[in-house]
Amino acid sequence: MILTEWFIFFLILQVIHFLGTWKLYVKAGRKSWEAIVPVYNAVILMKIINRPWWWVILLFIPVINVIMLPVIWVETIRSFGRNSTQDTVLVLVTLGFYIFYINYLQDVSYIENRDLKPKTATGEWISSILFAVVAATIVHTYFMQPYTIPTGSLERTLLVGDFLFVSKFHYGARTPMTAVSFPMVHDTIPLVRTKSYMTKPQYPYFRLPGFQKIKRNDIVVFSWPVDTVSKFRDQSNLGHYKPIDKKSNYVKRCVGVPGDSLSVVDGYVHINGKKNPLPDRAQLQFSYSGMSKGEGFNRQNLYNRYKIKPDQRSFTRYNNGAFSIGALTNENAKKLKNHHNVASLERNIIPKGRRDPNIFPNNGKVHWNSDNFGAIYIPEEGKTVKMDLKSFSLYRRIIEVYEGSELGINNKLSVNGTQILLNGKPIDSYTFKQDYYWMMGDNRHDSEDSRAWGYVPANHIVGKPVFVWFSWDTNAKGLFNKIRWDRMFTTVGGSGQPVSYFKYFLVILFGWIIYNQYRKRKKSK
């Protein structure tokens with residue numbers, strides 16, 4: 001729904017609210033016209049049901065409002081003496097329209113000083129759980145979201161099994177676009193494994209102001225632009241339409257920002273013709289092929305010496321002494337080359353000019369591959385590019401999907417000879433409506449990234465990983481060894497080796513527990 005459609009929808013809701021409640025407003029000692037004035041009517045309703053004025057704010061926060069509306073329906077009928085379980089069920093299953101019945105057909109009286117405390121332990125429990133969910137949803141949606149690293153595409157910087165806190169406020173929180181969804185989950189409800197949202201209606205895209213822009217080489221969490229899987233990483237069930245905010249979340253390094261000219265030369269990213277310098281915590285990894293000399297060169301020795309993890313299945317040895325190995329940093333490659341049982345070792349590089357049809361723009365017409373790619377322009381909002389047969393392939397999805405169907409616009413790009421047509425009309429240029437980014441993994445030969453599916457639009461940005469609060473190594477033996485203690489409570493950014501602040505957290509935690517015990521004892525005395 002576009003902004004105008006939402007405004008009309010909002011006005012319709014105001015009329016429905018007025019028709020269903022104006023008599024109740026009068027019975028509560030208010031004026032009937034107060035039930036139809038937008039926002040003001042909600043403030044007055046909070047006074048009628050004896051709830052704080054700031055509940056009105058919750059009604060205008062996407063996702064939270066879906067939780068709060070049923071609460072207000074129940075509070076409204078209870079303010080007029082309808083406290084039975086039957087009344088509560090009826091107002092919920094009729095989506096609030098039971099209030100019409102009470103407004104016009106029931107002789108009810110307003111209870112001015114209604115006791116707001118739940119009359120049962122169950123009611124108290126439900127009330128506490130409800131507002132805990134509201135508070136957690138606000139934090140999860142607008143401030144900080146937990147995230148787990150599922151793949152090794154950013155190995156050495158982020159490990160499989162790292163549990164992160166992702167900041168929503170660094171780049172500005174993206175308000176939910178899906179109006180009706182299950183709180184605190186993404187695209188799937190746990191346990192029952194069903195879809196957690198309704199695809200319609202959709203709010204217009206909006207992002208709150210952030211305090212920094214995405215910088216080149218930032219690690220970024222984003223919605224996977226080409227996601228059509230019904231559940232996260234379920235490649236067996238493709239072809240599903242998913243709203244932007246319900247697409248699977250990916251985490252990669254942003255190697256190209258709006259306005260950059262980007263190419264990949266022998267596996268290394270070049271920006272505007274110069275090799276992109278990476279921060280010291282970033283460690284690129286490539287796959288290698290080599291020849292061994294003897295039987296002493298085996299998988300377990302590699303794991304112990306070079307930290308190549310078994311779950312990556314990154315080492316294969318062949319009968320003739322040849323072997324292949326992946327996820328190897330340049331530093332470890334030099335060490336491995338000097339191994340007494342290694343005769344030769346060479347980094348695998350797909351030659352320039354060899355065509356890979358699985359590489360963006362996925363048309364098999366460009367002579368690009370994962371090691372030698374581009375150059376391409378990273379689109380910037382407000383900038384205009386020439387439209388010809390080459391740019392047609394690069395920007396077709398941007399124009400038709402990211403700046404078309406996902407924004408409710410019916411864009412169709414086509415070709416007539418050498419002429420580019422937009423919705424049947426000839427064009428020789430196009431001006432972009434938003435910024436775009438280029439995301440890649442540090443594990444260059446084992447990362448599904450922008451080289452496979454192209455640009456990441458600004459409205460797909462989720463947030464910035466800032467903190468590793470827990471890390472779990474499934475390959476280690478023993479419960480104590482499975483926890484990566486040195487990674488707990490470490491920052492994602494920064495220079496030098498990550499430093500764990502876990503011991504400081506424990507000191508503060510125990511200090512707080514001791515202080516609370518002291519305070520309780522002092523109060524009891």
Side-chain angles (χ1 to χ4, degrees), residues 145 147 149-151 153-154 157-158 164 166-168 170-174 177 186-187 205-207 210 212-229 232-233 242-264 269 271 276 282 358-362 368 370 373-383 385 391 393-407 430 432-444 447-465:
Q145 176 184 347
Y147 183 82
I149 297 297
T151 68
S153 67
L154 284 169
T157 302
L158 296 176
L164 308 175
V166 176
S167 165
K168 299 291 187 71
H170 272 75
Y171 305 137
R174 181 182 65 186
M177 286 168 271
H186 192 54
D187 60 350
Y205 166 70
F206 179 74
R207 188 178 294 276
Q212 68 175 224
K213 292 184 177 181
I214 297 176
K215 299 187 294 291
R216 196 179 298 119
N217 296 325
D218 276 357
I219 295 177
V220 180
V221 174
F222 56 94
S223 303
W224 184 28
V226 295
D227 185 13
T228 60
V229 299
F232 177 62
R233 300 189 67 78
K242 299 178 77 171
I244 294 173
D245 58 333
K246 292 302 176 182
K247 293 182 178 182
S248 302
N249 288 336
Y250 270 35
V251 57
K252 304 288 180 185
R253 190 180 301 280
C254 177
V255 295
V257 297
D260 282 348
S261 176
L262 179 143
S263 60
V264 180
V269 171
I271 302 296
N276 179 35
N358 296 316
I359 291 296
F360 179 81
N362 313 106
W368 296 347
S370 58
F373 178 94
I376 58 169
Y377 170 72
I378 312 295
E380 184 177 4
E381 181 182 1
K383 293 299 177 67
V385 295
S391 56
S393 298
L394 293 175
Y395 306 129
R396 183 176 185 177
R397 183 171 177 83
I398 286 179
I399 297 171
E400 290 188 340
V401 180
Y402 306 144
E403 301 191 358
S405 59
E406 288 187 344
L407 300 181
Y430 182 81
F432 297 104
K433 295 181 175 65
Q434 62 177 320
D435 287 333
Y436 291 84
Y437 301 89
W438 196 262
M439 307 290 184
M440 289 176 60
D442 292 348
N443 190 346
R444 291 292 159 83
S447 173
E448 183 188 355
D449 51 37
S450 284
R451 291 171 296 176
W453 31 256
Y455 305 102
V456 175
N459 61 6
H460 284 57
I461 299 299
V462 174
K464 179 176 183 176

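Model, not experiment: these values are computed from the prediction.
Under the rule for a side chain to side chain donor-acceptor pair (under 3.5 Å), Asn362 has no partner lying at least two apart in sequence or in another chain. With sequence neighbours excluded, the residues forming a side chain to side chain donor-acceptor pair (under 3.5 Å) with Arg451 are Asp449, listed by chain and number. For Tyr455, the ring-ring contact (aromatic ring centres under 6.0 Å, His included) partners two or more places apart in sequence, or in a different chain, are Phe360, Trp438.
For the atom pair CD (Glu406) and CD1 (Ile398), the distance works out to 11.5 Å, reported to the nearest 0.5 Å. The CG atom of Asp435 sits 7.5 Å away from atom NZ of Lys213, with the distance rounded to the nearest 0.5 Å. For the atom pair CE (Met439) and OG (Ser450), the distance works out to 7.0 Å, reported to the nearest 0.5 Å. Note that CZ of Arg216 is 4.0 Å distant from CG of Asp260, once rounded to the nearest 0.5 Å. Atom OH in Tyr436 sits 13.0 Å away from atom CD1 in Ile376 (nearest 0.5 Å). Atom CD of residue Gln145 and atom CG of residue Leu164 lie 10.5 Å apart, to the nearest 0.5 angstrom.
Glu448 has its side chain within reach of Trp453: a pair of non-hydrogen atoms, C-beta onward, lies under 4.5 Å apart. For the pair Tyr377 and Ser261, the minimum side-chain heavy-atom distance is 4.5 Å or more. For the pair Lys464/Val221, no side-chain contact is recorded, criterion being any heavy-atom separation below 4.5 Å from C-beta on. Val269 places a side-chain heavy atom less than 4.5 Å from the side chain of Arg444. Contact annotation: the side chain of Leu407 approaches that of Asn459 to within less than 4.5 Å [non-hydrogen atoms, C-beta and beyond]. Looking at Trp368 and Pro361, their side chains come closer than 4.5 Å, going by heavy atoms from C-beta outward. Residues Val456 and Ile461 form a side-chain contact, since some pair of their non-hydrogen atoms from C-beta on lies under 4.5 Å apart. At a threshold of 4.5 Å between non-hydrogen side-chain atoms, the residues Ser370 and Val264 do not count as touching.
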Tell me, with the steps shown, if Asp218 and Tyr171 meet side chain to side chain contact (heavy atoms under 4.5 Å, CB included).
CA-CA 11 Å; Asp218 276 357; Tyr171 305 137; 2.9 Å; yes
Take Tyr437 and Val220, measure what side chain to side chain contact (heavy atoms under 4.5 Å, CB included) needs, and give me the verdict at the end.
CA-CA 10 Å; Tyr437 301 89; Val220 180; over 6 Å; no
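In terms of heavy atoms, Glu380 sits closest to Gly259 at OE1-CA, 3.8 Å. Here the closest heavy-atom approach between residue Cys254 and residue Val257 is recorded as SG-CG1, 3.9 Å. Between Lys247 and Ser223, the closest heavy-atom pair is CB-CB, 4.0 Å. Lys242 approaches Asp187 most closely through the heavy-atom pair NZ-OD2, 2.8 Å. Ile378 and Gly256 get closest at one heavy-atom pair: CG2-O, 4.3 Å. In plain terms, the two heavy atoms of Gln434 and Ala458 that are nearest each other are OE1-N, 3.4 Å.
Between Asp245 and Arg174 there is no salt bridge, since none of the side-chain N atoms of the basic residue sits less than 4.0 Å from a carboxylate O of the acidic one.
Each of Tyr402, Tyr250, Tyr205, Trp224 was scored for a ring pair (Phe, Tyr, Trp, His ring centres under 6.0 Å) with His460, with one residue passing: Tyr402.
Classification of the Phe432-Tyr395 ring pair by plane angle, with boundaries at 30° and 60°, yields perpendicular.
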